[in-house]
Amino acid sequence: MIKIVRTRFAPSPTGYLHIGGVRTALFNWLFARRHGGQFILRIDDTDVQRNVAEALQPILDGFRWLGLDWDEGPEVGGPHAPYYQSQRLERYQAAAKMLVERGAAYYDYATPEEVHAEREAAEREKRPFVYSRRWMAVTPQDRARFEAEGRQATIRLKMPRDGYCRINDLILGEVTFEWAKEQDHVIQRADGTVLYNFATVVDDHDMRITHVIRAQEHLANTPRQIFIFQGLGYDLPAFAHVPYVAAPGGKEKLSKRKIKEYLKNPEFKKIYEHGQAIAERIGLHLAAETFNPVIVDFYREVGYLPDAILNYLLLLGWALDDKTEFFTRQQMIDLFSLERVNKAPAGFDPKKLLAFQERYMQQLAVEQKVAMMLPYLEKAGLIASPPPAAVREKVARIVQAAGDRIKVAGDILDYDTFFVPDDRLSYDEAAFTKRLRQPPEARELLTKFRAVLASADPFDAAHLEQRLQDFVQAEGVTVGQIIHALRVAVTGKAVGFGLYESLAILGKDSCLARIDRALAQR
RNA sequence: GGCCCCGUCGUCUAGAGGCCCAGGACACGGCCCUUUCAAGGCCGCGACACGGGUUCGAAUCCCGUCGGGGUCACCA
């Protein structure tokens, strides 16, 4: 019988989707899709006191935005519901009890202090800690006696004390652990709630998970989980431990808590500031702790493409060959394999992510780009909402003219000059000085060229270029002497796309008004 | 510290004994194009952690050293 491949990703409802988590989820998703199987989302909320629904929403939104659909889980349900660990407690308790009955676990009446003391003693004597099982209840009489003392029971795993646990990991190969080094871990607390390592196993079995693809930090948990699977008489899933995603410019695991440290990295900082600037212009004032390149929401708000992010993440620890870099969704699914996942951690490089983003942006048609960018202009208060047809047309012309300069949708705000009223145009001071105050001939040339513009017809890029060429010839000056001054005067900025196209988009009236305004400034 | 994992250009990687005095991409530097800024084109810089084996031959296999990381909870 061929088992249908079923993989899962089990996020905790923390309020945001972590980029490293997405990479793990992506591998799970791809593996399931590759083999025509199912991808399950399960919520690890065993230890969460906060409002789960609220903290879960951003995560589900993130998955949807990225196009990583789940076959079973929150909001879609499924045959193994509920998919929230907090709602499965009775099932876990029944399993824990069964584990005790089968002799693979026991009721333990030690207090946390007593165990702690044993651990300290072992440390002092520099020997590995192994619980003495002094407060292990072997018989019902033991339980009664301990309880008479006012003690409360936890349930501990009764780990083997000899032999080896061999794991055949799909990525790492064979990994061997010594059973004797494993602890009698608590699986059920004194208050009856259960611990992650135990709940995970029960869920993976109940939900018929065939392949556990998870971060390598869980490798050390695997022996005890295998012990639980076997103790309960469950079939073992296959394990694949993917290396964790490392911090930018570092080797340690990427962590959402170390943002301040990452911001010392100039490249990370640059990407962050680029996004932060866009966010602020659309009225999002978010703290670095919750809005930064480690969190998926950052990319969504700033206007990245999901496909670019996924493509980048796919190549973080996986490669098809020595040349293929770009993968469509379908190609990813067709070509992904766990065998080609690297064993070593890969550093997260937001700059390379941006490079993928640029390439994906370049492939979009103008209409697609416009659709992405209109919301930014609306939120920044630069255009009406919904935008009239004429405005859309204008945005399309700008997007066309800007070409590859727009890397993320939010970059459209760099062209705000085309939307501000003529009398509110602000000038880049440094540029204004360099182009309009310092060159002695600037104002005179600009004044003369204003007259040329006033009579220009048609007011399009080709014609305007011709008029400017004629002008410099007639005046005996260079293009450089007039064009920079003109750019600053009409756009307020030193840089931008083609000037003739800029003039044409602005229209004659605006150009003339802006030149007048510039000439009036001292 | 115990256990486990890992170690090719700054970064992501290709490489499964001769195709490699190591290939690609990002970044970086230069040139070209050019009204600015991008984009694009061309060129360049740049790595097998180290030491021993095995072999006619090692980035690839073995051993050791060093280095990095993960994990050691009644967290997930």
Side-chain angles (χ1 to χ4, degrees), chain A residues 10-12 14 44-48 85 108 110-112 115-116 119 122-123 126-129 152 154-156 167 169 171-173 175-178 180-183 185-197 199-200 215-223 241 243-244 246 248-253 267 312 315-326 340 342-349 351-356 358-359 362 402-407 411 414 431 435 465 468 472 478-488 491 493-500 502:
Chain A
S12 284
T14 51
D44 263 353
D45 56 351
T46 48
D47 193 52
V48 183
Q85 291 194 327
D108 183 68
T111 63
V115 176
H116 185 69
R119 185 170 283 126
E123 248 169 63
K126 294 193 172 166
R127 59 174 164 81
F129 166 65
Q152 287 189 306
T154 60
I155 297 179
R156 282 183 187 275
I167 301 164
D169 192 277
I171 292 169
L172 298 174
V175 182
T176 305
F177 291 88
E178 212 177 326
K181 298 271 166 60
E182 297 294 317
Q183 302 299 322
H185 287 100
V186 172
I187 56 170
Q188 187 178 109
R189 298 182 181 93
D191 67 2
T193 58
V194 301
L195 265 18
Y196 162 80
N197 276 112
T200 293
Q216 225 174 80
E217 60 200 90
H218 290 287
L219 182 61
N221 291 336
T222 310
H241 287 94
Y244 61 90
K251 291 281 191 189
E252 327 85 58
K253 193 172 67 173
E267 296 195 343
Y312 169 74
L315 263 16
L316 200 57
W318 182 87
L320 177 69
D321 52 31
D322 60 341
K323 49 179 78 70
T324 317
E325 304 173 75
F326 294 95
R340 294 195 64 82
N342 271 301
K343 294 180 179 183
F348 176 60
D349 179 1
K351 197 147 181 193
K352 187 150 185 175
L353 201 176
L354 218 207
F356 273 93
E358 287 182 38
R359 297 296 299 271
Q362 287 172 2
D404 299 335
R405 292 171 184 79
I406 298 178
K407 323 239 187 252
D411 285 339
D414 288 345
R435 300 303 187 188
E465 177 169 11
L468 188 128
V472 298
T478 65
V479 169
Q481 281 176 285
I482 175 71
I483 203 161
H484 299 299
L486 186 55
R487 179 185 292 281
V488 174
T491 70
K493 298 173 197 278
V495 300
F497 50 74
L499 181 62
Y500 309 116
S502 298

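The sequence lines fix the lettering, A, B, ..., with proteins before strands; numbering per chain opens at 1. Atom set for the values below is all heavy atoms of this structure, side chains included, hydrogens, waters and symmetry mates excluded.
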Using purine N1 to pyrimidine N3 plus N6-O4 or O6-N4 for Watson-Crick, or N1-O2 and O6-N3 for G-U wobble, both under 3.5 Å, which nucleotide pairs with [N]?
{"N": "B/rG18", "answer": "B/rC56"}
{"N": "B/rC72", "answer": "B/rG1"}
{"N": "B/rA25", "answer": "B/rU11"}
{"N": "B/rG67", "answer": "B/rC6"}
{"N": "B/rU36", "answer": "none"}

Name the closest nucleotide to the [X] side chain, picking from [options].
{"X": "A/Pro112", "options": "B/rC6, B/rC74, B/rA76", "answer": "B/rC74"}
{"X": "A/Leu195", "options": "B/rU13, B/rG70, B/rC75", "answer": "B/rC75"}
{"X": "A/Ala319", "options": "B/rU13, B/rU11, B/rC5", "answer": "B/rU13"}
{"X": "A/Glu325", "options": "B/rA14, B/rC74, B/rA25", "answer": "B/rA25"}
{"X": "A/Phe177", "options": "B/rC4, B/rC26, B/rC6", "answer": "B/rC4"}
{"X": "A/Glu217", "options": "B/rC5, B/rA25, B/rU71", "answer": "B/rU71"}
{"X": "A/Leu219", "options": "B/rC4, B/rU11, B/rA76", "answer": "B/rC4"}
{"X": "A/Glu252", "options": "B/rG70, B/rU13, B/rC5", "answer": "B/rG70"}

- Task: Can you check each nucleotide of nucleotides 33-46 of chain B against protein heavy atoms at under 4.0 Å and return B for base, S for sugar-phosphate only, - for none, in 5' to 3' order?
- Result: --BBBBSS------
- Item | Given RNA chain B, 5'-ward residue of the pair A/Ala220 and A/Asp349, judged by closest heavy atom | A/Asp349
Say we look at [N] and [M]: how far apart would their [atom1] atoms be, to the nearest angstrom?
{"N": "B/rA27", "M": "B/rU13", "atom1": "C1'", "answer": "14 Å"}
{"N": "B/rA47", "M": "B/rA38", "atom1": "P", "answer": "29 Å"}
{"N": "B/rC48", "M": "B/rU35", "atom1": "C1'", "answer": "48 Å"}
{"N": "B/rC5", "M": "B/rU55", "atom1": "P", "answer": "29 Å"}
{"N": "B/rG52", "M": "B/rA73", "atom1": "C1'", "answer": "43 Å"}
{"N": "B/rG18", "M": "B/rA58", "atom1": "C1'", "answer": "10 Å"}
{"N": "B/rA25", "M": "B/rA39", "atom1": "P", "answer": "16 Å"}
{"N": "B/rA14", "M": "B/rG7", "atom1": "P", "answer": "11 Å"}

Name the nucleic acid region contacted by [X], choosing base, sugar-phosphate or nothing; use a 4.0 angstrom heavy-atom cut-off, strictly under.
{"X": "A/Thr176", "answer": "sugar-phosphate"}
{"X": "A/Ala355", "answer": "sugar-phosphate"}
{"X": "A/Glu267", "answer": "sugar-phosphate"}
{"X": "A/Ala110", "answer": "base"}
{"X": "A/Lys253", "answer": "sugar-phosphate"}

- Task: May I ask you to verify if any side-chain N or O of A/Lys351 is less than 4.0 angstrom from the OP1 or OP2 atom of B/rC28?
- Result: yes
- Output yes when at least one side-chain N/O atom of A/Asn342 is less than 4.0 Å from OP1 or OP2 of B/rA14, else no. yes
- Does a side-chain heavy-atom distance below 4.5 Å link A/Leu195 with A/Arg189? yes
- Mind checking whether A/Ile187 and A/Asn197 have side chains closer than 4.5 Å, heavy atoms only? no
Atom [atom1] of [X] to atom [atom2] of [N]: distance rounded to whole Å?
{"X": "A/Leu316", "N": "B/rA25", "atom1": "CG", "atom2": "C1'", "value": "13 Å"}
{"X": "A/Tyr244", "N": "B/rG68", "atom1": "OH", "atom2": "P", "value": "12 Å"}
{"X": "A/Phe326", "N": "B/rG24", "atom1": "CZ", "atom2": "P", "value": "16 Å"}

Do you know the tightest heavy-atom contact between [X] and [Y]?
{"X": "A/Tyr244", "Y": "A/Lys251", "value": "OH-O, 2.8 Å"}
{"X": "A/Phe177", "Y": "A/Glu182", "value": "CD2-OE2, 4.2 Å"}
{"X": "A/Ala199", "Y": "A/Val194", "value": "CB-CG2, 4.1 Å"}
{"X": "A/Ala494", "Y": "A/Ala431", "value": "CB-CB, 3.7 Å"}

- Which residues share a ring pair (Phe, Tyr, Trp, His ring centres under 6.0 Å) with A/His218, sequence neighbours left out: A/Tyr196
What distance separates [X] [atom1] from [Y] [atom2], expressed to the nearest 0.5 Å?
{"X": "A/Asp414", "Y": "A/Ile406", "atom1": "CG", "atom2": "CD1", "answer": "8.0 Å"}
{"X": "A/Thr154", "Y": "A/Asp191", "atom1": "OG1", "atom2": "CG", "answer": "11.0 Å"}
{"X": "A/Gln152", "Y": "A/Thr111", "atom1": "CD", "atom2": "OG1", "answer": "11.0 Å"}

- Message: Quick check: any donor-acceptor pair below 3.5 Å linking the side-chain of A/Lys323 to the base of B/rA25?
- Response: no
- Message: With the six-membered base ring of B/rA76 as reference, does the ring of A/His218 sit under 5.5 Å away with planes under 30° apart?
- Response: yes
